[in-house]
Amino acid sequence: MYMEILPDNRLLLDAFRRAEPEALEIVYRAYVERVAAMLRRGFEFSSRGQQMRFSGYRDPDDLQDALQETFMGAFSTGARKGYNGLDPFSSYLMAIARNVVLQRFRKDLSRLRCFMSLQAAEPELSDQGSLAGAAAPAPDVAAGLGELRRLVKAFVASLTEEQRRIVRLYFIERLSQEATAESLALNRNRVRKQIRTIRKKLFRRIQREGLDAALPFSLDAIEVKP
Amino acid sequence: MTSKGCPAGCKDRRFGRALQDLFEGRSRTPMPLPYSLADHLKSCPACRILARTLASADRMLGEQCGAPAGVSPFEIDLAWQAVATRLKISGKSSRRWFIPSSFLRGRRFARLLPVAVGLALVLVVGMFIATRRTGGFAARGAAAAPDLQLVCIPPGDKAAPRPARTDDGPAACRIDETLGFAYLNPTGRFGGLALYAVDGEDNVLWYAPNPAEPGGLTLETATRPRALDRTVRLAVNHHPGRYTLVAAFTRRPIELDKLDKLAVDLARNRRNLSDARVIRREMIINGGGKP
């Protein structure tokens with residue numbers, strides 16, 4: 001389903017190694033979804049002889065941070081030059097993503113060691129060796145998400161059939177506006193305007209309902225990082 | 001939330017506006033902010049809430065349309081902006097790519113890559129020859145003047161692109177072909193290009209700038225033909241017939257929304273832009289067979 005553009009595209013590979021901005025963006029957009037899928041799905045690994053499983057990030061902030069760290073790492077001078085240009089780039093990238101997760105885990109673990117459970121001397125892993133990406137949402141957050149879901153559902157119901165088709169192609173298949181226009185035999189300008197209009201309307205509706213500022217995430221749930 | 005897009009609790013409304021722009025698809029490149037949006041999100045709970053809400057809403061929008069759970073376009077753009085800002089990527093390459101990024105994201109890329117590579121070669125060689133011929137679509141007169149070349153790319157992996165020109169008539173491509181472009185900008189005087197065609201019923205078909213370039217299409221100095229990273233599959237929204245192709249070389253890139261009003265006037269020679277060079281060419285789209 002995903003396309004492997006490196007290392008087969010040698011022009012792109014050369015430009016990537018030179019850190020040409022457009023090449024970096026092409027590589028980013030070609031691989032970001034499969035990296036995100038892996039980070040959400042999780043993976044198994046062994047640590048000190050123990051088989052463990054990272055159950056994936058559920059928290060959007062964690063996913064966002066891990067995505068950024070992965071691509072920052074992959075686009076660093078060392079990583080660009082270190083890629084052998086023979087194996088699929090996705091394998092190389094996934095290895096970087098795994099390292100990012102494990103480094104974050106080790107950092108979290110070292111922080112956790114500063115605290116001691118009154119029941120157990122060591123911090124416990126959930127589900128026998130499973131690293132949970134995030135706990136279940138707090139009741140207020142869950143309620144807020146439910147409210148947001150209802151709003152989006154009503155919003156989608158209000159769209160025209162053409163708008164829904166555009167959303168389906170653009171949001172689901174991640175097609176470019178040009179490709180979306182081609183698929184629907186529409187004028188590209190019309191697709192551009194429709195996509196912008198749809199998202200603008202959704203933003204306005206979120207604003208109008210006051211979900212942008214107060215819900216669905218309470219301030220307590222937001223970690224303020226230094 | 002204020003009406004300007006700034007979440008309550010955030011003192012700098014530019015960040016709220018940047019998030020809104022990103023959500024609405026108005027910008028994918030780093031914006032002129034006092035410091036990076038990613039850094040701001042780490043220190044501003046209000047904007048962080050807004051970003052999370054928009055990410056969730058975007059995901060839900062996909063899910064409501066039957067998409068599997070996944071990262072949303074908003075999150076992809078947000079992460080890219082953070083990466084680009086930290087890597088100090090300006091969003092512009094030092095050299096232009098002739099393969100549109102959209103091809104690389106789609107299944108068509110594998111099929112079109114050999115064509116695109118072939119196109120580059122043909123453009124360089126073909127334009128070099130073409131500019132030395134008289135008539136047709138070659139640059140005429142002043143060597144310092146900008147010019148535009150059209151190329152037809154036949155369907156199929158192994159088909160060779162060819163200059164879209166006839167010996168003594170207007171440029172011509174077949175409806176099943178893809179249209180490609182190359183430009184000359186010898187002095188570098190012209191920084192922008194607006195490119196479109198007008199059909200017999202005054203319908204405007206935009207080629208450049210595209211929606212990803214709201215600020216206009218930027219040109220570089222090109223003493224030799226340089227491929228434009230734009231191709232047009234004619235079958236999508238063209239019909240067999242005669243078109244007027246308009247290439248407006250301007251000092252600065254022209255914003256897309258300002259050009260709509262001028263497009264037909266320029267094509268019909270009813271109005272001209274000062275300090276710009278406007279080239280009009282006749283272009284014929286044939287229904288099939290050899291042009």
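The basis for the numbers below is simple: all heavy atoms, side chains too, and nothing from hydrogens, waters or symmetry mates. Chain naming here is simple, since letters A, B, ... match the order of the sequence lines and numbering starts at 1 in each.
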Asks: With the threshold set at 4.0 Å, does a side-chain nitrogen-carboxylate oxygen contact exist between Asp61(A) and Lys42(B)?
Replies: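 No, no charged N to carboxylate O under 4.0 Å.
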Asks: Given side chains that start at C-beta, do those of Gln68(A) and Arg86(B) come closer than 4.5 Å, heavy atoms only?
Replies: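 Side chain of Gln68(A) against side chain of Arg86(B), heavy atoms only: contact under 4.5 Å found.
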Asks: With side chain to side chain contact (heavy atoms under 4.5 Å, CB included) as the test, would you mind laying out the steps for Leu67(A) and Val83(B) before giving the verdict?
Replies: CA-CA 9 Å; Leu67(A) 267 182; Val83(B) 171; over 6 Å; no
Asks: Is the shortest side-chain heavy-atom distance between Asp58(B) and Arg199(A) below 4.5 Å?
Replies: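 Asp58(B) vs Arg199(A): side chains touch.
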Asks: Non-hydrogen atoms of chain A under 4.5 Å away: do they reach the side chain of Ala51(B), the backbone, both or neither?
Replies: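 For Ala51(B), no heavy atom lies under 4.5 Å from chain A.
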Asks: Taking side chain as everything from C-beta outward and backbone as N, CA, C, O, which of these in Leu39(A) sits under 4.5 Å from a heavy atom of chain B? Side chain, backbone, both or neither.
Replies: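 Neither; nothing under 4.5 Å.
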Asks: Any heavy-atom pair between the side chains of Trp80(B) and Leu24(A) that's under 4.5 Å?
Replies: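 Leu24(A) vs Trp80(B): side chains touch.
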Asks: In the structure I gave you, are the side-chain heavy atoms of Ile76(B) and Tyr28(A) within less than 4.5 Å of one another anywhere?
Replies: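 Sidechains of Tyr28(A) and Ile76(B): in contact.
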Asks: Give the minimum heavy-atom separation between Leu78(B) and Gln64(A), together with the two atoms involved.
Replies: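 Nearest pair, atom of Leu78(B) first, then Gln64(A): C-OE1, 3.4 Å.
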Asks: Any idea which heavy atoms bring Leu148(A) and Thr53(B) closest together, and the distance?
Replies: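 In terms of heavy atoms, the two residues are closest at CD2-O, 3.7 Å.
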Asks: For side chain to side chain contact (heavy atoms under 4.5 Å, CB included), just list the numbers for Glu63(B) and Arg149(A), CA-CA rounded to whole Å, side-chain angles, deciding distance to a tenth of an Å, and then say yes or no.
Replies: CA-CA 10 Å; Glu63(B) 286 168 16; Arg149(A) 193 175 299 281; 3.1 Å; yes
Asks: Just to verify, which of Val156(A), Leu202(A), Val152(A) counts as forming a side chain to side chain contact (heavy atoms under 4.5 Å, CB included) with Met60(B)?
Replies: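 Checked Val156(A), Leu202(A), Val152(A) against Met60(B); only one passes side chain to side chain contact (heavy atoms under 4.5 Å, CB included): Val152(A).
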Asks: Please identify, among Glu69(A), Lys153(A), Arg164(A), the residue contributing the most non-hydrogen atom pairs under 4.5 Å to chain B.
Replies: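 Of the options given, most contacts go to Lys153(A).
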